[in-house]
Amino acid sequence: MAKKNKAAISPTREQDYSAWYQEVVKASDMAENSPVRGCMVIKPWGYALWENIVYNMDILFKETGVKNAYFPLFIPLSYLEKEAEHVEGFAKECAVVTHHRLEKDGKGGLKPAGKLAEPLIVRPTSETIIGESMARWTSSYRDLPLLLNQWANVVRWEMRTRMFLRTSEFLWQEGHTAHATEAEAKERTMLMLDVYTKFVEEYLAMPVIRGRKTVSERFPGADDTICIEAMMQDKRALQAGTSHFLGQNFARGSGIKFQNEEGEEAYAWTTSWGSSTRMIGGMIMVHSDDDGLVLPPRVAPAHVVILPIFKKGEDRRIIMESVQGLKDVLEEKLFHERKLNVEIDDRDIGGARGWDWVKKGVPVRIEIGPRDIEKNSVFMARRDEPASQKQSMNREAFIDQITDILDNIQDNIFNRAVNHQKEHTFEIDDKKEFYKLYKNTSGYNNGAFVMAHWCGSEKCEEKIKNDLSVTIRCIPFDSPIEEGKCISCDSASSRRVLFAKAY
RNA sequence: CGGGAUGUGGCUCAGUCUGGUAGAGCACAGCGUUCGGGACGCUGGGGUCGGAAGUUCGAAUCUUCUCAUCCCGACCA
């Protein structure tokens with residue numbers, strides 16, 4: 001029978017954070033592990049969420065003049081060699097295609113045949129192959145800027161994987177732009193970070209810290225990498241998007257040249273920027289609770305689920321008509337320019353039905369039974385509140401207020417995340433205190449965000465990383481210039497940087 | 001690539017030490033009673049025990065080899 005106060009997800013966050021995470025993914029029916037090492041199957045509920053992310057982000061990109069295109073999955077091995085640091089950064093995680101045919105091996109199996117003259121790699125990112133096209137498309141300053149984006153899958157052969165957070169194959173978008181001037185390219189780098197910030201905060205309801213990566217954390221081959229970092233509930237940091245100013249490094253490697261207004265030949269200035277299905281992992285870890293997934297309404301695959309309640313001897317038809325009627329009315333309403341999506345679940349599986357939708361994270365659950373039909377009411381529960389807190393509402397009032405309720409949920413989970421981040425962000429000036437905070441922290445309370453002074457040397461950065469597995473997530477744009485001493489070596493420092501354990 | 005562990009219905013696992021021909025819970029299907037905080041009863045379907053070879057009258061169980069996965073390192077946006 002009913003087990004009161006039992007969490008729907010086991011273990012809870014405090015008991016075992018990473019097992020809780022895997023369980024939320026499974027219980028929400030978003031994704032599952034596949035037989036292929038390190039790869040996952042994204043199920044309809046998870047993919048619908050991704051489609052909403054793609055749809056909304058794509059609009060924001062296009063508003064800045066970016067156009068979509070598509071480039072090959074395979075990249076000739078020699079292309080990767082065009083930018084020295086780039087090779088260094090990605091060589092170790094590339095899947096390589098060496099053959100193009102299978103033959104019978106005589107033992108009932110198949111063996112590769114038809115060796116390729118030049119091996120192909122499966123793209124880990126596409127700077128080099130897109131650079132090749134850009135080089136051919138650019139001959140005059142009038143051809144610039146080139147503002148391209150592609151939605152694609154990439155492969156990075158990671159040693160250890162976790163669903164959504166790090167998988168060997170993942171879905172993402174990668175933007176690539178080429179400009180005539182350095183200033184314009186830098187401006188674009190920042191503009192795209194603004195887009196990411198807007199999307200992640202307003203749609204995924206995840207507050208982020210914006211800043212610049214240190215040299216050692218930079219994208220391989222970039223002159224500058226800027227990023228947004230979010231705090232998960234276990235206090236670790238997750239990068240939710242990055243934007244790179246590539247200088248002329250890739251332009252030189254790929255030969256992206258043009259004649260400027262003075263008639264001189266010049267190399268273009270390029271940028272690239274990306275965000276992936278990893279954002280979904282972040283979204284899960286920021287909002288979900290011990291009852292499962294909590295979806296931000298603005299990207300939820302369904303906004304409302306209606307559960308008809310049947311009583312013995314009652315006419316099911318009357319209830320189903322009422323339920324269908326409510327769905328029809330709701331689906332005519334717009335929530336941020338998107339029609340409301342309403343599910344009806346009339347499965348005959350008892351109370352487990354309601355919990356299914358709690359675990360799937362649907363923002364609003366509605367129960368309609370004989371009593372509601374009599375009273376012209378609905379029984380409403382919000383996913384951002386405890387599962388027990390249901391309230392009766394007048395049916396018309398509910399229809400009237402639903403979009404406000406959804407906005408309210410969106411704001412509520414965002415504010416909750418803002419507060420969580422504030423509560424676990426500290427300024428620390430004492431080395432002992434810094435080490436004490438990070439030493440022996442794990443699981444649900446895995447450190448904190450610490451704003452501390454750093455002298456700028458890679459040595460200090462490296463030492464802290466080795467001692468504590470803590471890295472400089474970024475040098476926040478808004479960290480003020482102030483006198484201080486490096487948390488590691490005591491040398492003079494002019495500003496604080498953001499330290500955290502990272503995913 | 002080093003260290004450790006595990007492979008038994010869809011899932012989680014028992015059975016392995018001490019060989020005797022396959023089990024449980026959950027899930028699934030049918031029927032009935034149910035349904036506003038996680039339902040119950042009855043019936044039923046589904047496994048050549050990761051693979052190969054060996055020992056034996058007989059192998060999930062013992063031996064050897066092999067494959068795969070997971071964990072800890074190393075690595076890593």
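Convention: sequence-line order gives letters A, B, ...; per-chain numbering from 1.
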In Watson-Crick or G-U wobble terms, with both distances under 3.5 Å, the base opposite B:rA22 is none
In Watson-Crick or G-U wobble terms, with both distances under 3.5 Å, the base opposite B:rA27 is none
With rounding to the closest Å, how many angstrom separate the C1' atoms on B:rU63 and B:rA29?
43 Å
Using Watson-Crick geometry (N1-N3 plus N6-O4 or O6-N4) or G-U wobble (N1-O2, O6-N3), each under 3.5 Å, B:rG2 is paired with B:rC72
task: Describe the nucleic acid contact of A:Pro370 in one word from base, sugar-phosphate, nothing, applying a heavy-atom distance below 4.0 Å.
output: base
Atom CG of A:Asp346 and atom C1' of B:rG36 are separated, to the nearest Å, by 16 Å
Decide whether A:Thr471 and A:Glu217 meet the rule of one side-chain donor and one side-chain acceptor closer than 3.5 Å. no
Step-by-step salt bridge (charged side-chain N to carboxylate O under 4.0 Å, His left out) determination, A:Arg13 to A:Asp290 | CA-CA 6 Å; A:Arg13 286 165 291 183; A:Asp290 294 338; 2.9 Å; yes
Rounded to whole Å, the CG-P distance (A:Asp348 to B:rA29) equals 12 Å
Any strand, both distances under 3.5 Å, Watson-Crick or G-U wobble: B:rU56 pairs with none
Between A:Ile309 and A:Ala352, the residue closer to the 5' end of RNA chain B by nearest nucleotide is A:Ile309
| message | Can you confirm whether the side chains of A:Asp58 and A:Asn68 place a donor and an acceptor under 3.5 Å from each other? | response | yes
Under 4.0 angstrom, heavy atoms only, what part of the nucleic acid is A:Asp356 near: base, sugar-phosphate, or nothing? nothing
message = Taking the basic N atoms (NZ, or NE/NH1/NH2) and the acidic carboxylate oxygens, is any pair closer than 4.0 Å for A:Asp356 and A:Arg347?
response = yes
Rounded to whole Å, the CZ-P distance (A:Arg162 to B:rC70) equals 13 Å
Taken to the nearest whole Å, CZ/A:Arg347 to C1'/B:rC28 is 14 Å
P-based separation of B:rG32 from B:rC26 [nearest Å]: 22 Å
Say we look at B:rA22 and B:rG38: how far apart would their C1' atoms be, to the nearest angstrom? 32 Å
Could you give the distance separating B:rU21 and B:rC67 at their P atoms, to the nearest angstrom? 33 Å
From the candidates B:rA39, B:rG36, B:rU33, the one with an atom nearest any side-chain atom of A:Lys312 is B:rU33
Mate of B:rG47 across any strand shown (Watson-Crick or G-U wobble, both atom pairs under 3.5 Å) is none
A:Lys375 NZ to B:rG36 P, in whole Å, measures 16 Å
**Message:** I'd like to know if A:Glu321 pairs up with A:Arg317 as an ion pair, taking the criterion as any Lys NZ or Arg NE/NH1/NH2 lying under 4.0 Å from an Asp or Glu carboxylate oxygen.
**Reply:** yes
A:Ile349 CD1 to B:rA29 C1', in whole Å, measures 15 Å
query: Is there a side-chain contact between A:Val364 and A:Ile409 (heavy atoms, below 4.5 Å)?
result: yes
Atom CG of A:Asn33 and atom P of B:rG10 are separated, to the nearest Å, by 17 Å
Taken to the nearest whole Å, NZ/A:Lys311 to C1'/B:rU33 is 14 Å
Once base and sugar-phosphate atoms are separated, protein heavy atoms under 4.0 Å mark nucleotides 72-77 of chain B, 5' to 3', with B, S and - as BBBBBB
Practice problem: In plain terms, say whether A:Asp345 and A:Arg353 are close enough for a salt bridge, that is, a side-chain N and a carboxylate O under 4.0 Å apart. | Solution: no
### Message
Can a donor-acceptor pair be found, under 3.5 Å and without considering hydrogens, that links the side chain of A:Thr189 to the backbone of A:Ala185?
### Response
yes
In Watson-Crick or G-U wobble terms, with both distances under 3.5 Å, the base opposite B:rG36 is none
Identify whether any heavy atom of A:Lys26 sits under 4.0 Å from a base atom; if not, whether one sits that close to sugar-phosphate; answer base, sugar-phosphate or nothing. nothing
Can the ring centres of A:His86 and A:Phe219 be said to be less than 6.0 Å apart? yes
The Watson-Crick or G-U wobble partner of B:rU61, with both key distances under 3.5 Å, is none
